[in-house]
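Each chain gets a letter, A, B and so on, in the order the sequences are listed, and its residues count up from 1.
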Number of protein chains: 4
Amino acid sequence: MECSTIIWKSGKDDLILTDRSVNITMAPRTTAQFEAIREKRREKIILAAMELFSRQTYHNTSVADISKQAGVSKGLIYNYFTTKEDILNGILDYLFAIGDQMVAETRAAGTPKEELRHLIGQVFRFLHQQALISRMLIPLALEMGKFDFINEVIDRKMRDYLGLLVQIFSDMDYPDPEMEAWTLGVLFDGISLDYNVLGDRMPLDRMEQYLYKKYNL
Amino acid sequence: MECSTIIWKSGKDDLILTDRSVNITMAPRTTAQFEAIREKRREKIILAAMELFSRQTYHNTSVADISKQAGVSKGLIYNYFTTKEDILNGILDYLFAIGDQMVAETRAAGTPKEELRHLIGQVFRFLHQQALISRMLIPLALEMGKFDFINEVIDRKMRDYLGLLVQIFSDMDYPDPEMEAWTLGVLFDGISLDYNVLGDRMPLDRMEQYLYKKYNL
Amino acid sequence: MECSTIIWKSGKDDLILTDRSVNITMAPRTTAQFEAIREKRREKIILAAMELFSRQTYHNTSVADISKQAGVSKGLIYNYFTTKEDILNGILDYLFAIGDQMVAETRAAGTPKEELRHLIGQVFRFLHQQALISRMLIPLALEMGKFDFINEVIDRKMRDYLGLLVQIFSDMDYPDPEMEAWTLGVLFDGISLDYNVLGDRMPLDRMEQYLYKKYNL
Amino acid sequence: MECSTIIWKSGKDDLILTDRSVNITMAPRTTAQFEAIREKRREKIILAAMELFSRQTYHNTSVADISKQAGVSKGLIYNYFTTKEDILNGILDYLFAIGDQMVAETRAAGTPKEELRHLIGQVFRFLHQQALISRMLIPLALEMGKFDFINEVIDRKMRDYLGLLVQIFSDMDYPDPEMEAWTLGVLFDGISLDYNVLGDRMPLDRMEQYLYKKYNL
DNA sequence: GATGAATGAGGGTTCATTCAT
DNA sequence: AATGAATGAACCCTCATTCAT
């Protein structure tokens, strides 16, 4: 059995995604093999959509654009997703893994201080990538009514993150760990947002160093 | 002879008081009368658009929606604005005054500490309003290329704010006033964004108090 | 009683139009005076429309444009004309006089040869002006169905012209005066059309001289 | 197993023969099949547009009209043409071939006299077609500014024609072949224009014979 | 008579989605 | 499974015309 990893090149940065690839056998295709082929196509479409959504916004990307980018026909997309919105859903599932992984890595970092430093480092290190994701999600999150599922996703992620931060600040004996966690969490969101809008006019490196200093890391 | 009448005009919640005290000869309206009508209608359209843009996003609001909300015909909107985008511009002008006033008020608050406390207080006090603005502008700001004027607006506002904050922290003898200013500015943006998404699930009051404590205000 | 003549300046060329101006008296306005005022306004609108139609085409000129050019309100135009199309009608009446005048002048030129030379000279002399008129009328004449009245106008003018030419060529003892008349009439139309399209790329002067030579004038 | 069916599709006067002889497995159409469909539809749309443009003018023909005439949906037209203007372009390409062929045929006619006779004959023979083209192009050519490509087309065609005529008259030893060429070219345009407006009231046949006589053909 | 605010039908264009093949 | 032609609703915008004043 072979297990390979694909890296999604987004021009400037890269997103690491695991590809649950399957055995190749000579036997007539089993249901499982069909499933695997389907899964691969699905992934292709998702990656194409992710690339485009983060570059041009969900609304400015047409299904035709996605099909072109993915190298499949427009019709085929509706064989894998019921709706354009459903593609978005697929992307979210994809991204979940990454977030979870970040949290898990942080949790394994050692002392609370090391954890915090690791977390801040990760945020800045993956900022470009996060910015792409934000560019995709923020506008949709702000459209209330439609896209309720996005808010659920954000909620859940927020809780995860907050939980981790609260625990860290608690371990570091902050007097009000919950509010400190909120403050830092909100700050991360602000950084992500502003980086999207301002780009390199933001002094990212200096902000990172400043945070380390503030938290004595 | 003079007679005045109240006319109930279909709409949602508005009474149009039409003063019919006119010459028997049916003289045309004076320029001043026309000006008044225009001003009223313009504002009505702007308020309608602001309401809808902040509720449903600029892109998800059609000109027809705005016309319905404002209780006027679709065509009339183009009598007041050259373009859907121009409506947005009108809204920005409308909101600018408020922002400028906030900065001005803060500048008159007294000692640096009082200024900072005043500023933070204002941000939280007007968060609802700021959230409305954010919900309108952020998605557009994230669409690079189009809507360049929005980025200019944001840039300018950012510089104003940052300048004020740098001066305050400088006066308060912070070692790195510039970075502290960035941190707080970015935090405000994060708060505004998250409030949009999370609404009342955010512990706003506690965050406000927490900030006062952190800055010893 | 006073009689004045106004000249319609169309930038490059001018159209001579007679203004049946009226006595100014101190007596309360008689019906005739009101008529005169109306006539003047009407003329203003017609001149404005003529200017715009010939510059920008009938379809590319809005009633708002005309009202602006004429310096009156949009509404007032409908006090003088039932319809945008009706304005066109008014213009045609206006132009008729000129055509009739040209024919009359030619008829008074003397010998047939002098008449023909006079007519050709007039065509080239007024070509720019005619081109403006053509630009107005040709597109409308080609829209069959609507604007039937334009075709009637053109028909009548054509018959007048042709009649004049037939008589001239008959007097000049051409073997087939009718066909020679058609040929020259059609040629004039072609010149007018091509001058519109080609502008100064057409060798107008040389063509005029060439015609004189061909007809031994 | 094979089965073929004739399907009557609503429209005015066309039968669509759909060959349903397909695999049971419903294989997707081959590229060649798609090409064929596209070519057919494209031509159908062009013919529909040509019909309407020449009957009612470009501006008075809506895309909806074209779609109705072609028996397709409005949206489909934009699958084949980027723009309403692009349809016009398509028509021009379609017609260009014919014009070029006319010139080529004339060039192969033999002696200069035979060439000229051939050319005049062609102009009158194809007058109906030329009239259609004129009715489409003239109004657009007269709208300066927009539709520049139309003027380029006309220019090019004019140069072609003129060049051919100059050479013929030169070979026929006319003293001023260039001006004679202009005169005849302009006459052709006048004929085409007037035929549009006057229709059968023009004595076409007699004019043709008259031209032969004038040029001793 | 005179104004310009107001209307509403229609124009060109886009795009998510369906469907015959 | 796979294609892309085809649809139709919606979008932004224009403009001749009406109407209260």
Problem set entry | Test log, rule side chain to side chain contact (heavy atoms under 4.5 Å, CB included), inputs B/Ile77 and B/Lys84 | CA-CA 9 Å; B/Ile77 291 191; B/Lys84 190 187 169 190; over 6 Å; no
For this session: Specify the separation, in whole Å, of atom OH of B/Tyr78 and atom P of E/dG10.
Result: 18 Å
Problem set entry | Residue-phosphate contact under 4.0 Å: C/Lys84 side-chain N/O, F/dA16 OP1/OP2 | yes
Problem set entry | Under 4.0 angstrom between B/Arg29 side-chain N/O and E/dG4 OP1 or OP2 | no
For this session: Report yes if a side-chain nitrogen or oxygen of A/Thr83 is closer than 4.0 Å to either non-bridging phosphate oxygen (OP1 or OP2) of E/dT17; otherwise report no.
Result: yes
Seminar exercise, completed: Rounded to whole Å, the CD1-C1' distance (A/Ile66 to F/dG4) equals 16 Å
For this session: Would you kindly compare A/Ser62 and C/Gly71 by the position of their nearest DNA chain E nucleotide and give the one closer to the 5′ end?
Result: C/Gly71
Problem set entry | Earlier contact from the 5' end, DNA chain F, for C/Thr82 and D/Ser73 | D/Ser73
For this session: Would you mind telling me which residue lines up with the more 5' stretch of DNA chain E, D/Asp65 or A/Ala64, judged by nearest nucleotide?
Result: D/Asp65
Exercise. Can you tell me how far P of E/dG4 sits from NZ of C/Lys68, to the nearest Å?
Worked result: 11 Å
Exercise. Any side-chain donor paired with an acceptor under 3.5 Å for C/Glu43 and C/Tyr94?
Worked result: yes
Exercise. Does a side-chain N or O from C/Arg38 land closer than 4.0 Å to OP1 or OP2 of E/dG1, or not?
Worked result: yes
For this session: Starting at atom CG of A/Leu76, determine the distance to atom P of F/dA5, rounded to an integer number of angstrom.
Result: 16 Å
Exercise. Closer than 4.0 Å, any side-chain N/O of A/Arg41 to the OP1 or OP2 of F/dA1?
Worked result: no
Exercise. NA contact type, A/Phe81, heavy-atom cut-off 4.0 Å: base, sugar-phosphate, or nothing?
Worked result: nothing
Exercise. Relative to the 5' end of DNA chain F, which residue comes earlier, C/Gly75 or B/Thr61, by the nucleotide with the nearest heavy atom?
Worked result: B/Thr61
Exercise. Does B/Thr31 place a side-chain N or O at less than 4.0 Å from the phosphate oxygens OP1/OP2 of E/dT3?
Worked result: no
For this session: Just compare F/dT3, F/dT7, E/dA5 and give me whichever is closest to any side-chain atom of B/Tyr80.
Result: E/dA5
Seminar exercise, completed: Between CZ of D/Arg42 and C1' of F/dA5 the distance, given in whole Å, is 15 Å
Problem set entry | Any-strand Watson-Crick or G-U partner of E/dG11, both distances under 3.5 Å | F/dC12
Exercise. Considering only E/dT21, F/dC12, E/dG12, which nucleotide approaches the side chain of B/Val63 most closely?
Worked result: F/dC12
Seminar exercise, completed: note: B/Phe34, atom CZ; F/dA20, atom P; distance rounded to Å ~ 13 Å
Exercise. Given that both distances must come in under 3.5 Å, which nucleotide forms a Watson-Crick or G-U wobble pair with E/dT21?
Worked result: F/dA2
Exercise. So do the side chains of C/Leu140 and C/Phe53 get within less than 4.5 Å of each other, counting heavy atoms only?
Worked result: no
Exercise. Over how many whole Å does the gap from B/Ile77 atom CD1 to E/dA9 atom P extend?
Worked result: 17 Å
For this session: Could you check if a side-chain atom of D/Ile150 sits within less than 4.5 angstrom of a side-chain atom of D/Leu88, using non-hydrogen atoms only?
Result: yes
For this session: Could you check how far CD of A/Gln56 sits from P of E/dC15, rounded to whole Å?
Result: 11 Å
Exercise. Within the structure shown, what part of the strands sits under 4.0 Å from D/Ile37 by heavy-atom distance: base, sugar-phosphate, or nothing?
Worked result: sugar-phosphate
For this session: Verify the distance criterion only: is there a donor paired with an acceptor across the side chains of D/His59 and C/Glu143 at less than 3.5 Å?
Result: no
Exercise. Do any side-chain nitrogens or oxygens of B/Asn79 fall under 4.0 Å of OP1 or OP2 in E/dA6?
Worked result: no
For this session: Would you tell me if any nitrogen or oxygen in the side chain of A/Ser67 comes within less than 4.0 Å of OP1 or OP2 on F/dG4?
Result: no
Exercise. Does the side chain of D/Tyr58 reach to within under 4.5 Å of the side chain of D/Leu52, using non-hydrogen atoms?
Worked result: no
Problem set entry | Pair B/Asn79, B/Arg38: side-chain N/O donor-acceptor within cut-off below 3.5 Å | yes
Seminar exercise, completed: Among F/dA5, E/dA2, F/dC12, the one nearest any side-chain atom of B/Lys74 is F/dC12
